[in-house]
Amino acid sequence: MQARLSGFIGLSPSHALAYAQEDFAHFKKVYTVLLYGTENDLPGEEAYKRFRLIPSARVIPVDSASHLHYVERPDIVNDIIIDALKALED
């Protein structure tokens, strides 16, 4: 039996560059939340373009944070993760 992915939470935009654009088609039916720090200079516009290939994705900026937004703003990031996990239960 093949495992089925029901949700994905992306914490780093740079990981988007590891996948081909065609790979993002697999996420169309998956609850997807993508976070990035608004002060992140990495990886640039190309990663954000790939995020936009997932039509159902919630792309959430984390204000006043850089690449390590989950370290710099755990108060915000943890709440977003908890909300995403709750949404998967519904």
Side-chain angles (χ1 to χ4, degrees):
M1 180 166 67
Q2 187 176 9
R4 186 180 142 193
L5 182 67
S6 58
F8 175 77
I9 302 172
L11 295 178
S12 174
S14 61
H15 292 136
L17 300 177
Y19 299 96
Q21 289 187 2
E22 301 81 40
D23 293 333
F24 285 90
H26 298 290
F27 286 97
K28 287 182 180 177
K29 295 182 180 180
V30 175
Y31 180 81
T32 304
V33 177
L34 305 162
L35 295 93
Y36 70 94
T38 57
E39 297 175 10
N40 186 2
D41 294 333
L42 301 171
E45 187 60 27
E46 183 59 33
Y48 300 117
K49 285 181 189 174
R50 293 191 189 187
F51 280 171
R52 291 185 204 106
L53 295 173
I54 307 169
S56 61
R58 291 179 52 215
V59 180
I60 303 172
V62 180
D63 291 331
S64 302
S66 65
H67 185 70
L68 297 175
H69 55 81
Y70 45 88
V71 174
E72 297 166 352
R73 298 303 309 267
D75 53 325
I76 294 172
V77 173
N78 290 344
D79 286 344
I80 293 168
I81 292 171
I82 290 168
D83 289 345
L85 293 173
K86 287 179 181 176
L88 287 173
E89 291 178 342
D90 295 338

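Worth saying up front: this structure is predicted, and the values here are computed from it rather than measured.
- From Ile54, atom CD1 reaches atom CZ of Phe8 across 7.0 Å, with rounding to the nearest 0.5 Å.
- With hydrogens and angles disregarded, no donor-acceptor distance shorter than 3.5 Å links the side chain of His69 to the backbone of Thr38.
- Going from atom NE2 of His67 over to atom CG of Leu11 covers 10.0 Å, rounded to the nearest 0.5 Å.
- Here the side chains of Asn40 and Val62 are not in contact, with every heavy-atom distance at 4.5 Å or above.
- At distances below 3.5 Å, not a single donor-acceptor pair connects side-chain atoms of Ser66 with backbone N or O atoms of Glu39.
- When hydrophobic clusters are built by joining Ile, Leu, Val, Met, Phe, Trp and Tyr residues whose side-chain heavy atoms come closer than 4.5 Å, directly or via intermediates, Leu88 is grouped together with Leu35.
- With sequence neighbours excluded, the residues satisfying side chain to side chain contact (heavy atoms under 4.5 Å, CB included) with Ala84 are Ile9, Tyr31, Val33.
- Looking at Glu72 and Val77, their side chains never come closer than 4.5 Å, going by heavy atoms from C-beta outward.
- At a threshold of 4.5 Å between side-chain heavy atoms, the hydrophobic network of Ile, Leu, Val, Met, Phe, Trp and Tyr places Tyr70 and Ile60 in one connected group.
- Applying the salt bridge (Lys or Arg N to Asp or Glu O under 4.0 Å) rule to Asp75 yields the partners Arg73; only residues at least two apart in sequence or on another chain are considered.
- For Pro74, the side chain to side chain contact (heavy atoms under 4.5 Å, CB included) criterion is met by Asn78, not counting sequence neighbours.
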